[in-house]
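Reviewing the structure listed below.
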There are 2 protein chains.
Amino acid sequence: MDKWSQVTLNDVAREAGVSSATASRALNGTTRVRADLRERVLAAAERLAYTPNAHAQALARASSQAVGVICHDVSDPYFAGISGGVMRAAAEHDLHVIMGSTFRDPARELSYVSMMRGQRVRAILLTGSGFEDRAWQGAMREELARCAAAGTRIAAVSRHRGLRVDSVLPENRAGAAALARALLGLGHRDFAVLTGPPAITTVVDRLAGFQEALADAGVRIAPDQIVEGAFSRDGGHRAASELIARGLRATCVFASTDIMAVGALAAFRGHGLSVPGDVSLAGFDDIPVIGDLTPPLTTVALPLEEIGRRVMALALRPATAGRSRVERVPGTVVLRASTSAPAVRPLRERSPRPLTETPG
Amino acid sequence: MDKWSQVTLNDVAREAGVSSATASRALNGTTRVRADLRERVLAAAERLAYTPNAHAQALARASSQAVGVICHDVSDPYFAGISGGVMRAAAEHDLHVIMGSTFRDPARELSYVSMMRGQRVRAILLTGSGFEDRAWQGAMREELARCAAAGTRIAAVSRHRGLRVDSVLPENRAGAAALARALLGLGHRDFAVLTGPPAITTVVDRLAGFQEALADAGVRIAPDQIVEGAFSRDGGHRAASELIARGLRATCVFASTDIMAVGALAAFRGHGLSVPGDVSLAGFDDIPVIGDLTPPLTTVALPLEEIGRRVMALALRPATAGRSRVERVPGTVVLRASTSAPAVRPLRERSPRPLTETPG
DNA sequence: TGTTGACCGGAAAGCGCTGTCAGAAAGCGC
DNA sequence: GCGCTTTCTGACAGCGCTTTCCGGTCAACA
């Protein structure tokens, strides 16, 4: 009974007294069908509440109406923002999306791609960052080559080293650099960074951009002031606590992600440090709520929904031979109250080395 | 070239020197296959990077490995939380999910269901609230009946009036009531509520529960102190501003959603009102970050990820004849610093009617 | 050695749809 | 009314896979 209870095109055709071919044509409008027959078919379909079997259609047409979207974590606000754009774009193009959440497991990302290839999706959107892992990149490259051979488009958000895919590239490096310059401009010379998992390209880029801009100003971050943590509120909390445990000597802390910054803010508070009084704090992404914290967080704003929309647009554009297309999306430094000129009085925890700037 | 470049089961069979039937059996392990043949098939599949065409499989098996998930807004933290649980559960069961975001358009919800029926998904998860609209409910009921006839399971989060679906039911009413009692306990007698769109069952339930508990204590909310707004940060901001414009006479404001509460907090601040000094503020859901605001928001905590996991479990359990299954998920009142005893001095904006409680 | 049964592999029939192809019907000019 | 073109329609062959069904092999047993 399971398989027989579905209304098929044949049922509609019989009900309308035409062949299934005609019914198909009437429903899809691929060829002209005599008006009265079309009416009969449409009426029959309506009466029987016919819904075409998408699998049969996909099989016969050798293509589907689906796109695959792979992200690192659906419940992360960063992806939630991107997904919003992706879903809106999908709806506009009458596509349905198959969603995969890898929870930052590269192996799972790979298996999702192959699963989606099995689904013969029109396109696969890689909305997570790439992974800095040679072996993985190799495997992924093979997998994507198979997709390309099958005509499945690939588009990505973020840098995917060695993958040569069309992508929407948030300017993580430049954004972090701009942020660094803004913070230097506030008078800071002693920085700490809370980074994410080092295998993720976005993390690498943000850290690199930040350090480069500092280096240009002759400022270096002490290795022990760079702490690694998970991309989560609690990851940020732990990283900040670790930083404090190591001895916070910075006047300004950059968390590579807003969510981490939220955790860091809580940790600083918990340790009796005021932000920005004792230490300035900045994040990256400009996820919602971040501007409603006290103090509102300085960050680098990324137009998440637009990124989602654009990566979909990229995926829908036909493949070009040769070079892959790259659309850069700049980040905007948003200075809010969580950053200010460095405190005059050195922190207890900060080692008493001379401040080089004139205090604010 | 588009359609020919995919490796098919036949290719694998030929490569392995067996029939496609044997190849299928070897790959799926449905029947015993001589060990050496199975090896050859597996090796061939590996060599050719064979991925079965999911559409052909679904067609032949008359069932797919997909479940459909329909939510109101993917980028809303509430759904992001639920989706997290859903995606994890899906991964555990080797299912892939087709995601639909209705952006709170009932018509779109309907069309997603029918689309997913076309996809012959195993189950459809309705993770958004129901709509209080007779016509819509009728249409939805028909649609769901068709799903049931086709063996597609349906499971929902929240109340869906007149739909009789298995569901995970956050106790919105009881939770809001418990919150109300807690606030009464703090000494409040004058309340205001920022509600969401009145067509949404969750909104109705939260408001009803809140009002009931107040009524039990002989407290009534003045009609002009109930303001409707969109389910978003800005919706909350606007609603709170409107409330202030009308003349805020309450000592305590309940926003039916945490995100709205965030906006409300900002609005109060913007108007020079301190929370909880001038007015206490509470939300509902306990979305992330909410506890990291200043002050941390009082709310009713819902185990979002668990809700997601459970609705999936419900969807995977075979249908029972007769009554629909309902799993209630209690909300936990989390009192944080955004609520306190009412201020002694009456607000400028508050009309000077006598406070009935002893302050403090 | 003949017979029975267990076990396995291959041929083939679909699953529900689309698209080709050939033929029927209809329209047209003469 | 005839032959021609132009539309339309139905039969049918797949799409790639699963799953019966059937026949062949081989071990076991009489």
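Numbered from 1 within each chain, the chains take letters A, B, ... in sequence-line order.
- Geometric assessment of A:R88 against the ring of B:F103 yields a positive cation-pi assignment under the 6.0 Å and 45° thresholds.
- Legend: residues meeting side chain to side chain contact (heavy atoms under 4.5 Å, CB included) with B:A54, ordered by chain and number and at least two apart, are A:Q119.
- Each of A:R32 and A:S20 lies near DNA chain D, and the nucleotide nearest A:R32 is the one positioned closer to the 5' end.
- An end-to-end axis angle of 50° holds for the helix from C:dT1-D:dA30 to C:dC30-D:dG1, taken from five base pairs per end and rounded to 10°.
- The nearest heavy atom of DNA chain D to B:T30 and to B:H55 marks one nucleotide each, and the one closer to the 5' end goes with B:H55.
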Enumerate donor-acceptor pairs with a distance under 3.5 Å from any side-chain N or O in residues 311-326 of chain A to protein atoms, sequence neighbours excluded.
unit_1, atom_1, unit_2, atom_2, d
A:R325, NH2, A:P318, O, 3.4

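- As a whole-Å value, the separation of A:N53 CG from D:dC17 P is 16 Å.
- The interatomic distance linking A:Q6 (CD) with C:dC17 (C1') rounds to 14 Å, in whole Å.
- Rounding to whole angstrom units, CG of residue A:N10 and P of D:dA11 are separated by 11 Å.
- When the P atom of C:dG16 is taken as reference, atom CD of B:Q57 falls 17 Å away, rounded to whole Å.
- In this structure A:R164 satisfies the salt bridge (Lys or Arg N to Asp or Glu O under 4.0 Å) test with no other residue, sequence neighbours excluded.
- Of the residues in residues 37-45 of chain B, B:L37 come within less than 4.0 Å of DNA chain C through at least one heavy atom, sorted by number.
- Atom CZ in B:R14 sits roughly 13 Å away from atom P in C:dA11 (whole-Å rounding).
- In terms of phosphate contacts, A:T22 brings no side-chain nitrogen or oxygen within less than 4.0 Å of OP1 or OP2 of D:dT9.
- Partners of B:S167 according to the side chain to side chain donor-acceptor pair (under 3.5 Å) rule, which considers only residues two or more places apart in sequence or in another chain, do not exist here.
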note = Reading nucleotides 20-25 of chain C from 5' to 3' and marking B where a protein heavy atom lies under 4.0 Å of the base, S where only the sugar-phosphate is that close, and - otherwise, the string is B-----
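- Legend: residues meeting side chain to side chain contact (heavy atoms under 4.5 Å, CB included) with A:S114, ordered by chain and number and at least two apart, are A:R117, A:E143, B:T51.
- In terms of modelled atom types and a separation under 3.5 Å, the side chain of A:H72 and the main chain of A:S129 share a donor-acceptor contact.
- Within the 4.0 Å cut-off from OP1 or OP2 of D:dC17, not a single side-chain nitrogen or oxygen of B:S24 is found.
- Applying the salt bridge (Lys or Arg N to Asp or Glu O under 4.0 Å) rule to B:R310 yields the partners B:E306, B:E327; only residues at least two apart in sequence or on another chain are considered.
- Straight-line distance from the CG atom of A:L59 to the P atom of C:dG14: 17 Å, rounded to whole Å.
- Under the rule for a salt bridge (Lys or Arg N to Asp or Glu O under 4.0 Å), B:E46 has no partner lying at least two apart in sequence or in another chain.
- Annotation: side chain to side chain donor-acceptor pair (under 3.5 Å) contacts of A:T30 (sequence neighbours excluded): none.
- Screening residues 94-103 of chain B for salt bridge (charged side-chain N to carboxylate O under 4.0 Å, His left out) gives no qualifying pairs among residues at least two apart or on separate chains.
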